[in-house]
Amino acid sequence: MAASGIAVRGPRSLLRQIREAMAGGGPAQAKLDMVVRTIAISMVAEVCSIYLRRASGDLELFATEGLSREAVHVTRMKPGEGLVGETMRLGRPLNLSDAASHPQFSYRPETGEDPYHAFLAVPLLRGGRAIGVLVVQNRTERNYDEEEVEDLQIIAMVLAEMVSSSELLGADELKDVELAPHKPERLKGSRFAEGLAYGVAVLHEQPVAPETLLSDDALAEEARLTYAIEALQTQIDEMLEGQHGLVGASYEVLETYRLFAHDRGWNRGLQEAVRSGLTAEAAVERVRSEHRARLGQARDPYLRERLHDLEDLNDRLLRHLSGDVHAVRQLPDDAILIARNLGPADLLEYDRTKLKGILLEEGSAASHAGIVARALDIPCVGRLTGLRDRVSEGDPVVVDAETQEAWLRPRPDVVKALRVRMEVRAQRKAEFARLRDTPPITKDGAKITLLMNAGLAVDLDILAETGAEGIGLFRTEFQFMVAEELPRLEAQTSLYEKVLEAADGMPVTFRTLDLGGDKLLPYMELEREDNPALGWRAVRMGLDRPALLRMQIRALVKAAAGRPLKVMFPLVANVDEFRAARSFVDQEVAWALKRGRPAPSRLDVGAMIEAPSLLWHLDALLPMTDFVSVGTNDLMQYMFAADRGNPKVSDRYDPLSPAALRALKTIQQACADTGTPVSVCGEMAGRPLEAFALVALGFEGLSMPPAGIGPVKQMVLSLDREAARRNVEALLKGSAGSLRGEIETLARKLYVAV
């Protein structure tokens, strides 16, 4: 007998038969037997079987029509074993004309499947995870056609939901079926922001779950779907055209969204699913599961990135279907945000009083999410491979940035140990708070100025409580990155006025726009570059677009309103760039004076030393500047030719290496010889051990994230700088690739709190 597809074309009739059978009640096994019998009759198949994944990971035969009934709950296969296990592993249909000839075929004599050749298996997918396998078989050697495969996939999707919602299995049977990850897991990642947190998982942009799987009116559902797709396409088109900026997303990501949103294959797959009898929401979930299953195990990073693009696109489409496009997420009091990656404004959209920690599948410590997490003092661990597939909404999770780990569904002893460590951290924080008004002076009398990095409005609220002596780096680009369109003169002036007022007389160093590289704006059309970190960014962009840079400088001069003003240009690579940029400041001050507006009472113009080229031209640069600041994040990536945003290479160098420390000593010595004020405003400054090395090298100004000020101040107060200087300078002569171990040993020897 040959299969010829579902007898009544389309799975709607079959699904309704299954629903009706389920409504009658009765034992779970009887329901399962009815399901496989109904499917076998409708598909003209001689065998229909359902396998479900046990908590152990094994696949167990739960019901069959056509194979031996004695094999039910007896036949089990290990993950990846046999054709059923292979289907689970692949996460996609397996269609064979002669099952026994396949290399993965595993013969189980108790099933009595010897006569059957044609074999079609599809995974029961729920949330992209396979919870079981649905199989049909026939004696005839043949391949099932595309419509038959399509029909069985739709049936499998609905069965997966019925299993998960206890319609097919009762609570007793379900407890041993693995519907979602449930075992404790520990994932190793990278620390993006210090701290510890314990709470419940909240999935970033959690999709709206479909409440109804089957539609009563296929034409109406198709119309709903078409309207939602068009609305989504319009939204994304407007994002790219600068009408509605997608906060924190790069132009490239948005362009990819647009390509996928207009992709005929994606649209056609959704429409076909709706025409088969699914609701629009169920169609999106079905297409999502197919994409996850097909691309989720891909090793090619490009293919995996495309999966994440499709994930985001499906989430957006579901929100359009629900009318929930602009809804604000409600968080539990102890939320741990789970995401692939985040832009700066994505994070700011959440209630930070309830957001206790962040776990990311990708990203880097230098990413926007890492910078914002440190500014908000929220523990963050990233680069957790496979995170989103291993955690469910509401799972208890631990963020351990100290050990750079995430614990999913942790054991009670892990939680108990964590709480003890959290109490110790709380005590340390209280100790740092007591030091807030204590001047950071070393034991041998050297005054070290500790400043705060900022760029967010929230930073201004905590300036006083940190004990910082001012803002050593205000990143002005964040205002541009979270805006829906280019901020005008009035908006920029207003922000800078608020910053100066919040500082209340303390110094503030404004860094002009550091855009380009990994910081692209959806409302600015920029050409994509092969090497963006080495391309058109920072002061280069400002010099090539003088109207943009001059408007920002004009806003700064206006905001100063006769008060002192410090302006710093990023990524200056040669003296001509600084000379040209400084001339814009002079022009804007002259412009203000000509119109009767006050000039700053004191004007300091500086440069960030981030390009290694300046190390050999400091004698020309320093006399032109009023101050300089060392941006160690970029300086290190350029020195070591390692993109700090690329996880594969960002950890290949250590800033506590002889090469890096010698470069920093060269800068410090040149500034000391010329009397040029110098500070360090990169990530090194906010970590006690690295800050110990910087002070030992002679730096007296450090600017850091707010959370770093307490620990660094404690280090300074415990330090004899002269003793540290002698020992660190001796270490610089070594030939080791890194001096981290030696510097840690030295700090302990000198009883320094690092």
N-O pairing of [X] and [Y] below 4.0 Å:
X	Y	value
Arg108	Glu81	yes
Asp58	Lys78	yes
Arg89	Glu86	yes
Asp395	Arg409	yes

Would you compute the distance between atom [atom1] of [X] and atom [atom2] of [Y] and round it to the nearest 0.5 angstrom?
X	Y	atom1	atom2	result
Glu146	Glu272	CD	CD	9.0 Å
Leu96	Asn143	CG	CG	7.5 Å
Ile229	Gln271	CD1	CD	6.0 Å
Met77	Tyr51	CE	OH	4.5 Å
Asn138	Ser97	CG	OG	12.5 Å
Glu230	Leu225	CD	CG	10.0 Å

Just do the side-chain hydrogen bond (donor to acceptor under 3.5 Å, both in side chains) check on Glu110 and Thr75 with the steps written out, would you? CA-CA 8 Å; Glu110 74 272 12; Thr75 297; 2.7 Å; yes
Do Thr385 and Glu361 have a side chain donor and acceptor closer than 3.5 Å?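 Absent: no donor and acceptor within the cut-off.
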Student check: side-chain heavy atoms of [X] and [Y] closer than 4.5 Å:
X	Y	value
Leu159	Val35	yes
Ile155	Ile39	yes
Arg139	Glu46	yes
Leu90	Thr87	no
Val135	Val47	no
Leu67	Tyr116	yes
Val136	Val122	no
Val133	Leu124	no

Could you tell me whether the side chain of Gln404 and the main chain of Ala401 form a donor-acceptor pair under 3.5 Å?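 Not at all, since once roles are kept as given, no pair shorter than 3.5 Å links the two residues.
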Using a 3.5 Å distance criterion without hydrogens, assess whether the side chain of Gln137 forms a donor-acceptor pair with backbone atoms of Ala118.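 No, Gln137 side chain to Ala118 backbone: no donor-acceptor pair under 3.5 Å.
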Can you name the ring-ring contact (aromatic ring centres under 6.0 Å, His included) partners of His102, sequence neighbours left out?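 For His102, no residue satisfies ring-ring contact (aromatic ring centres under 6.0 Å, His included) once neighbours in sequence are set aside.
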Where Ala335 and Val202 come nearest, the two heavy atoms and their spacing: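 Heavy-atom minimum between the residues: CB-CG2, 3.8 Å.
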Taking CZ in Phe105 as the centre, count heavy atoms belonging to other residues, nucleotides or ligands within less than 6.0 Å. Is the count above 12?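 Correct, the count exceeds 12.
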Give the C-alpha distance, both sets of side-chain angles, the deciding distance and a yes or no for side-chain contact (heavy atoms from CB on, under 4.5 Å) between Val391 and Glu185. CA-CA 9 Å; Val391 66; Glu185 289 190 72; over 6 Å; no
Is the NZ or CZ atom of Arg142 positioned over Tyr144's six-membered ring, under 6.0 angstrom from the centre and within 45° of the axis?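 Arg142 over Tyr144 ring: yes.
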